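Structure record follows, encoded as structure tokens.
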Amino acid sequence: VQLQASGGGLVQAGDSLRLSCVASGITLSYYVMGWFRQAPGKEREFVAAVDWNSGSTGYADSVKGRFTISRDNAKNTVTLQMNSLKPEDTAAYYCAASFRRMSATTRDYQYWGQGTQVTVSS
């Protein structure tokens with residue numbers, strides 16, 4: 001299983017970024033795909049998730065209304081559209097896969113990609 005995340009960068013507050021995660025070696029219809037983030041000195045925290053089969057989504061309160069998670073079946077890709085970025089969104093962002101469980105808890109995710117850094121300047 002490989003989860004390849006990309007799209008991070010350095011932006012200013014108020015800007016937008018689009019993160020992508022391409023999955024391979026996994027039957028995505030059995031999984032929930034999530035995005036987490038981790039800032040220096042802090043624990044990894046849930047950002048958003050999407051049930052690949054149903055399309056249902058979940059978001060952390062801190063990103064509701066600003067971030068949108070979506071999936072592309074044809075490309076095996078989960079995308080996180082991040083708008084109105086704030087300095088507190090600065091973190092390494094990770095995509096992950098959870099077998100049939102919509103969860104905001106890291107331990108429920110079996111597969112993880114490498115992080116992609118998002119830095120938002122004020």
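For this chain, numbers begin at 1 and follow the sequence in order. What you see is a predicted model; the values in this text were computed from it and never measured.
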Exercise. Kindly indicate, with the supporting measurements, whether the criterion side-chain contact (heavy atoms from CB on, under 4.5 Å) is fulfilled by Trp35 and Tyr59.
Key: CA-CA 9 Å; Trp35 285 97; Tyr59 295 91; over 6 Å; no
Practice problem: Apply side-chain contact (heavy atoms from CB on, under 4.5 Å) to Ser62 and Arg37, showing your working. | Solution: CA-CA 12 Å; Ser62 59; Arg37 66 187 182 187; 3.5 Å; yes
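A distance of 9.5 Å separates CZ of Arg18 from OG1 of Thr68, quoted to the nearest 0.5 Å. Interatomic distance, Thr79 OG1 to Met33 CE, rounded to the nearest 0.5 Å: 10.5 Å. If you take CD on Gln38 and CD on Gln117, they are separated by 10.5 Å, rounding to the nearest 0.5 Å.
Taking 4.5 Å as the limit, some side-chain heavy atom of Arg71 sits within range of a side-chain heavy atom of Asn73. Under the 4.5 Å side-chain criterion, counting only non-hydrogen atoms from C-beta, Phe36 is in contact with Trp112. In this structure, the side chains of Val78 and Ile69 come closer than 4.5 Å at one or more pairs of heavy atoms. In this structure the side chain of Gln81 reaches within 4.5 angstrom of the side chain of Ser16, judged on heavy atoms. Considering only heavy atoms from C-beta on, Val120 stays 4.5 Å or farther from Gln12 through its side chain. The closest side-chain heavy-atom distance from Tyr31 to Ser98 is not below 4.5 Å. Taking the side chain as every heavy atom from C-beta outward, Leu17 and Leu85 approach each other to under 4.5 Å.
Met82 and Leu10 sit in two unconnected hydrophobic clusters of ILVMFWY residues. Membership requires side-chain heavy atoms under 4.5 Å apart, directly or through other members. In this structure, Tyr30 is a member of the same hydrophobic cluster as Tyr111, with clusters built from ILVMFWY side-chain heavy atoms closer than 4.5 Å. Under the 4.5 Å side-chain heavy-atom criterion for ILVMFWY residues, a single connected hydrophobic cluster contains both Val118 and Val63. The hydrophobic cluster containing Val22 does not contain Val32, counting ILVMFWY residues as joined when their side-chain heavy atoms lie under 4.5 angstrom apart, directly or transitively.
Between Lys86 and Asp89, no side-chain nitrogen of the basic residue sits less than 4.0 Å from a carboxylate oxygen of the acidic one, so the salt-bridge criterion is not met. Using a 4.0 Å cut-off between charged side-chain N and carboxylate O, Arg100 and Asp51 make no salt bridge.
Shown here for Cys95 and Ala5, the closest heavy-atom pair between the two residues is SG-CB, 4.1 Å. Taking both residues in full, the closest heavy atoms of Ala97 and Ile26 are given as CB-CD1, 3.8 Å, listed atom of the first, atom of the second, then distance. The two residues Gly8 and Thr116 make their nearest non-hydrogen contact at N-OG1, 3.0 Å. The two residues Gln114 and Leu3 have their closest heavy-atom pair at OE1-O, 3.4 Å. The minimum heavy-atom distance linking Ala23 with Leu28 is given by the pair CB-CD2, 3.9 Å. Taking every heavy atom of both residues into account, Pro87 and Ser122 meet most closely at CG-CB, 3.8 Å.
Ring planes of Tyr93 and Phe67: tilted class, angle from 30 to 60°.
At a cut-off of 3.5 Å, with distance as the only test, a side-chain donor of Ser56 or Ser54 sits close to an acceptor on the other residue. A donor-acceptor contact closer than 3.5 angstrom is absent between the side chains of Thr77 and Asp72.
Relative to the ring axis of Tyr94, Arg44 places its NZ or CZ within 45° and under 6.0 Å from the centre.
Open room surrounds CD on Gln2; 12 or fewer heavy atoms of other groups in view lie less than 6.0 Å from it. Heavy-atom neighbours of Phe99 CZ from other residues, nucleotides or ligands within 6.0 Å: above the threshold of 12.
A donor-acceptor pair is defined here as one N or O able to donate and one able to accept, closer than 3.5 Å; no such pair exists between the side chain of Ser103 and the backbone of Asp108.
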